[in-house]
Each structure stands twice: as structure tokens, then as C-alpha cells.
Amino acid sequence: MDKGVIIEIRAGAGGDEAALFAADLFRMYSRFAEKQDWKIFLINSNPIGIGGYKELIFEIKGKNVYEKLKHEGGVHRVQRIPVTEKSGRIHTSTVSVAIMHQATEAELKINLSDLRIDVLRSSGPGGQNVNKIESAVRIIHLPTNIMVTCQDGRSQQHNKEKAMQVLRSRLLAKKQTEELAKRGDERREQIGTADRSEKIRTYNFPQNRLTDHRIKKSWHNLDKIIEGDLEKIIKTFEKKNKK
């Protein structure tokens, strides 16, 4: 099995609707992973209680995972009528997606003296405690101030291991892009500010259309795409991006 990827999905502009779309994107990538016979593992999530998420961090392992998903990073914009909208107005919201190689200890060694590790009590929607055991783990890399929290694992040790995986992947992405003398790290470039104007794709639900702004191409089967039918889009992007 090839080395996997760490994917981070975060709600941007749009409040609850952005959080709901973050959940939609997670489902889209999960179902695409199933079609590819990949394995998906949730690392951390921050639900809002109505089916949406402020943040989702997960791992996908399988053949050619990074090669197929590396261009998914960026700001994804959604246009649709929220279920809470009584007047029927179309709202525009954004969600950021970051794709990172899953780094190994051999690729990047972390000095334990550079870490602050806190053990917290896991929480559910709205902040209520879901267990009495302090199993959530927060790791801060002091030299860079990068912080990772993991609470969805089955134990404190499991959460610590997953948090270290995410931290290592973020640090490797930072190191690689700095070596290439790019402005900012790969993760920040992908995420941007999640402003509505910064977008790689628009998901227009009223018109059942997805548009990839990087290659200026649209597809009119958004209902199937959002259920994991991403193969044609990924292949089309790769083909046009090579020209």
C-alpha cells in the first residue's frame, strides 16, 4: 500500500452553511475513497451539532492516493439555498481543503523538547463532555507554534500517535516549500483566507453544476459528483494541467 495523505477540511465564510458543506466534502472524499478501495481514518473533528463541521482532519491510505488527490487543495465555494433559508435566497459559502503527504519519522524527526503536549477531556457538539476520561491530546510545536488536537481516537495513546502524524506532515510540507523558496508553506497556500473570491471550484446546486476555475471547465452532474463521482474531474484536470 502506498503512503497515505492527511486531509484537512475547514469551514470558511458562510457560518453554519459552510460547516454543512464541509461535511458534504468529507462525504464526497470518503465515498470516492471507497470507490478506489482506499482506507479512510478520521483523526479529529469539530462538529457544530446540526450535521456540519468547523473542522475535519482525516487520513486516506491506498494506491496512488497523493497522485490523485494532490490537486484538491484550495478553497471550494458552494452556492445553494440553505435548509434554514425561508426566503429561498441562494447563499455563497466557502470551505478550505489542504492535502498533505503523510510524513514518516524517517522523513522528519521531531525533537521532543520542542513539544508541549496537553491531555484534555474529549468533547462533543456544543462543547459537552462525551466521556469522563481525559483522552484528547493537544500538541504544540514550540518553534513554529503549529498546534494539533486529536480527540476522535479510541484512547489517549492513539490520539497522541495521530496528532504526531498530522504535526509531522504539516512540518514536512512547511520544510519542502521553504526549500523551494515559495512564499508561505504549502498548507497555507492551499487554505488561503477562505475568502469567497479565492476559489478553485464552485459547486452550484441550483444549476446542478460544478466548475473548476483553474481549467475553466464545468460539469452538470453535481448530484453524482458530491456522492463521490470524482474520477472524470480528476483525470480531466490532470490532462489539462500537463499541457
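Just so you know, residue 1 is the first one in the sequence shown, and it goes up from there.
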Visitor: More than 12 foreign heavy atoms under 6.0 Å from NZ of K68: is that the case here?
Guide: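 Count over threshold, so yes.
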
Visitor: Would you mind checking if E231 and K35 are paired as a salt bridge, meaning a charged N to carboxylate O distance below 4.0 Å?
Guide: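 The answer is no: the pair does not qualify as a salt bridge.
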
Visitor: So, does W219 use its side chain to make a donor-acceptor pair with the main chain of T211 at under 3.5 Å?
Guide: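 No; judged by distance alone, with no hydrogens or angles, the pair does not exist.
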
Visitor: How many angstroms lie between atom CG of L142 and atom OG of S113, to the nearest 0.5 angstrom?
Guide: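 Rounded to the nearest 0.5 Å, the CG-OG separation comes to 8.5 Å.
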
Visitor: Can you confirm whether I200 sits close enough to H213 that some side-chain heavy atom of one is under 4.5 Å from a side-chain heavy atom of the other?
Guide: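 They are not in side-chain contact.
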
Visitor: When you measure from the side chain of N46 to the backbone of Y53, do you find a donor-acceptor pair of N or O atoms at a distance under 3.5 Å?
Guide: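 No: the side chain of N46 does not pair with the backbone of Y53.
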
Visitor: Output, in order, the C-alpha distance, side-chain angles, deciding distance and verdict of ring pair (Phe, Tyr, Trp, His ring centres under 6.0 Å) for F58 and F41.
Guide: CA-CA 6 Å; F58 54 102; F41 307 93; over 10 Å; no

Visitor: Could you tell me if the side chain of I7 sits less than 4.5 Å from the side chain of L69, heavy atoms only?
Guide: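 Sidechains of I7 and L69: in contact.
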
Visitor: Got a salt bridge between D118 and R138, using NZ or NE/NH1/NH2 to carboxylate O under 4.0 Å?
Guide: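 Yes.
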
Visitor: With the 4.5 Å side-chain cut-off for hydrophobic clustering, are I140 and V166 part of the same group?
Guide: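 Looking at the clustering, V166 is in a separate group from I140.
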
Visitor: Taking the side chain as every heavy atom from C-beta outward, state whether L42 and F26 have any pair of such atoms under 4.5 Å apart.
Guide: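 With C-beta onward as the side chain, the pair touches.
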
Visitor: Take V5 and Q102 through the test side chain to side chain contact (heavy atoms under 4.5 Å, CB included) and record every step on the way to the result.
Guide: CA-CA 5 Å; V5 297; Q102 187 182 52; 5.9 Å; no

Visitor: Will you find, in the side chains of Q157 and E161, an N or O donor that is under 3.5 Å from an N or O acceptor?
Guide: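 Yes, because at least one side-chain N or O of Q157 sits under 3.5 Å from a partner of the opposite role on E161.
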
Visitor: To the nearest 0.5 Å, what is the distance between CG (N159) and CE (M164)?
Guide: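 If we round to the nearest 0.5 Å, N159:CG and M164:CE are 13.5 Å apart.
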
Visitor: Is R80 positioned over the aromatic face of Y203, cation under 6.0 angstrom from the ring centre and no more than 45 degrees off axis?
Guide: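 The answer is no, since R80 fails at least one limit relative to Y203.
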
Visitor: Can you tell me how far apart CZ (R10) and CG (L25) are? Round to the nearest 0.5 Å.
Guide: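 R10 CZ to L25 CG: 13.5 Å, rounded to 0.5 Å.
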
Visitor: Would a distance-only check, ignoring hydrogens and angles, find a side-chain to backbone donor-acceptor pair under 3.5 Å from D229 to K224?
Guide: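 Between the backbone of K224 and the side chain of D229 there is no qualifying donor-acceptor contact (under 3.5 Å).
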
Visitor: How long is the span from the CG atom in L167 to the CG atom in L172, to the nearest 0.5 Å?
Guide: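 Here the rounded value is 11.0 Å.
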
Visitor: To the closest 0.5 Å, what do you measure between CZ (F21) and CZ (R27)?
Guide: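 That separation rounds to 10.0 Å.
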
Visitor: Answer with yes or no whether the hydrophobic clustering places L108 together with L115; edges join I, L, V, M, F, W, Y residues whose side-chain heavy atoms lie under 4.5 Å apart.
Guide: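 Per the 4.5 Å side-chain linkage, L108 and L115 are co-clustered.
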
Visitor: Take E59 and K162 through the test salt bridge (charged side-chain N to carboxylate O under 4.0 Å, His left out) and record every step on the way to the result.
Guide: CA-CA 9 Å; E59 170 190 6; K162 290 299 181 182; 2.7 Å; yes

Visitor: Could you tell me whether K217 and D212 make a salt bridge, using a distance below 4.0 angstrom between a side-chain N and a carboxylate O?
Guide: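 Between D212 and K217 there is no salt bridge, as every charged N stays at least 4.0 Å from the carboxylate O atoms.
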
Visitor: Please enumerate all residues that pass ring-ring contact (aromatic ring centres under 6.0 Å, His included) together with F205, with sequence neighbours excluded.
Guide: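 For F205 there are no ring-ring contact (aromatic ring centres under 6.0 Å, His included) partners, ignoring immediate neighbours.
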
Visitor: Answer whether the closest heavy-atom distance between the side chains of I225 and F32 falls below 4.5 Å.
Guide: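 They are not in contact (no side-chain heavy atoms under 4.5 Å apart), so the answer is no.
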
Visitor: Is it true that a side-chain atom of R214 and a backbone atom of H71 form a donor plus acceptor pair closer than 3.5 Å?
Guide: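 Flag set: sc R214 to bb H71 pair under 3.5 Å.
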
Visitor: Do you reckon I117 sits in the same ILVMFWY cluster as I146, going by side-chain contacts under 4.5 Å, direct or chained?
Guide: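 In one cluster with I117: I146, yes.
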
Visitor: Any chance you could lay out the side chain to side chain contact (heavy atoms under 4.5 Å, CB included) test for R201 and I233, step after step, and finish with the verdict?
Guide: CA-CA 11 Å; R201 287 195 193 135; I233 296 169; 3.7 Å; yes

Visitor: Give the intermediate values and the outcome of side chain to side chain contact (heavy atoms under 4.5 Å, CB included) for residues K199 and H76.
Guide: CA-CA 6 Å; K199 59 187 182 295; H76 297 238; over 6 Å; no

Visitor: Under 3.5 Å, is there a donor on one side chain and an acceptor on the other for T94 and R77?
Guide: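 No, no side-chain donor-acceptor contact under 3.5 Å.
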
Visitor: Decide yes or no for I139 and R116: does some side-chain heavy atom of the first lie under 4.5 Å from some side-chain heavy atom of the second?
Guide: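 Result no, sub-4.5 Å side-chain heavy-atom pair not found.
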
Visitor: Is there a side-chain contact between E8 and R170, using heavy atoms and a 4.5 Å cut-off?
Guide: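 Sidechains of R170 and E8: in contact.
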
Visitor: With side chain to side chain contact (heavy atoms under 4.5 Å, CB included) as the criterion, how do R209 and L222 come out once you've worked through the C-alpha distance, each side chain's angles and the decisive distance to 0.1 Å?
Guide: CA-CA 5 Å; R209 183 185 71 234; L222 178 56; 5.7 Å; no

Visitor: Is there a side-chain hydrogen bond (donor to acceptor under 3.5 Å, both in side chains) between N204 and T202 once you walk through the steps?
Guide: CA-CA 6 Å; N204 188 307; T202 293; over 6 Å; no

Visitor: Checking the side chain of S169 only, and the main-chain atoms of A103 only, is there a donor and an acceptor separated by less than 3.5 Å?
Guide: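 Such a contact is found between S169 side chain and A103 backbone.
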
Visitor: Kindly compute the distance separating OG (S45) from CD1 (I57), expressed to the nearest 0.5 Å.
Guide: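 The OG atom of S45 sits 9.5 Å away from the CD1 atom of I57.
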
Visitor: Among D24, L20, L56, I9, which residue satisfies the side chain to side chain contact (heavy atoms under 4.5 Å, CB included) criterion with V95?
Guide: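 It is I9; the other options fail the test.
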
Visitor: For a quick test of reading the model, state the closest non-hydrogen atom pair linking A18 to A13 and the distance between them.
Guide: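 Scanning both residues, the minimum pair turns out to be CB-O, 3.5 Å.
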
Visitor: Does N44 reach the main-chain N or O of Q151 with its side chain, forming a donor-acceptor pair under 3.5 Å?
Guide: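 Judged by distance alone, yes, a pair lies under 3.5 Å.
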
Visitor: Given the rule that I, L, V, M, F, W and Y join up when any side-chain heavy atoms are under 4.5 Å apart, are M147 and L112 in one cluster?
Guide: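 Shared cluster, no.
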
Visitor: Can K70 and E72 be counted as an ion pair, charged N to O under 4.0 angstrom?
Guide: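 Salt bridge between K70 and E72, a charged N being under 4.0 Å from a carboxylate O: no.
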
Visitor: T144 and H141: side-chain donor and acceptor closer than 3.5 Å?
Guide: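 Their side chains do contain a donor-acceptor pair, which is all the 3.5 Å distance test asks for.
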
Visitor: For the residue pair I60 and Y29, what are the closest heavy atoms and their distance?
Guide: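 Shortest heavy-atom contact: CD1-O, 4.5 Å.
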
Visitor: Give the minimum heavy-atom separation between G52 and A23, together with the two atoms involved.
Guide: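 Smallest interatomic distance, heavy atoms only, reads CA-CB, 4.2 Å.
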
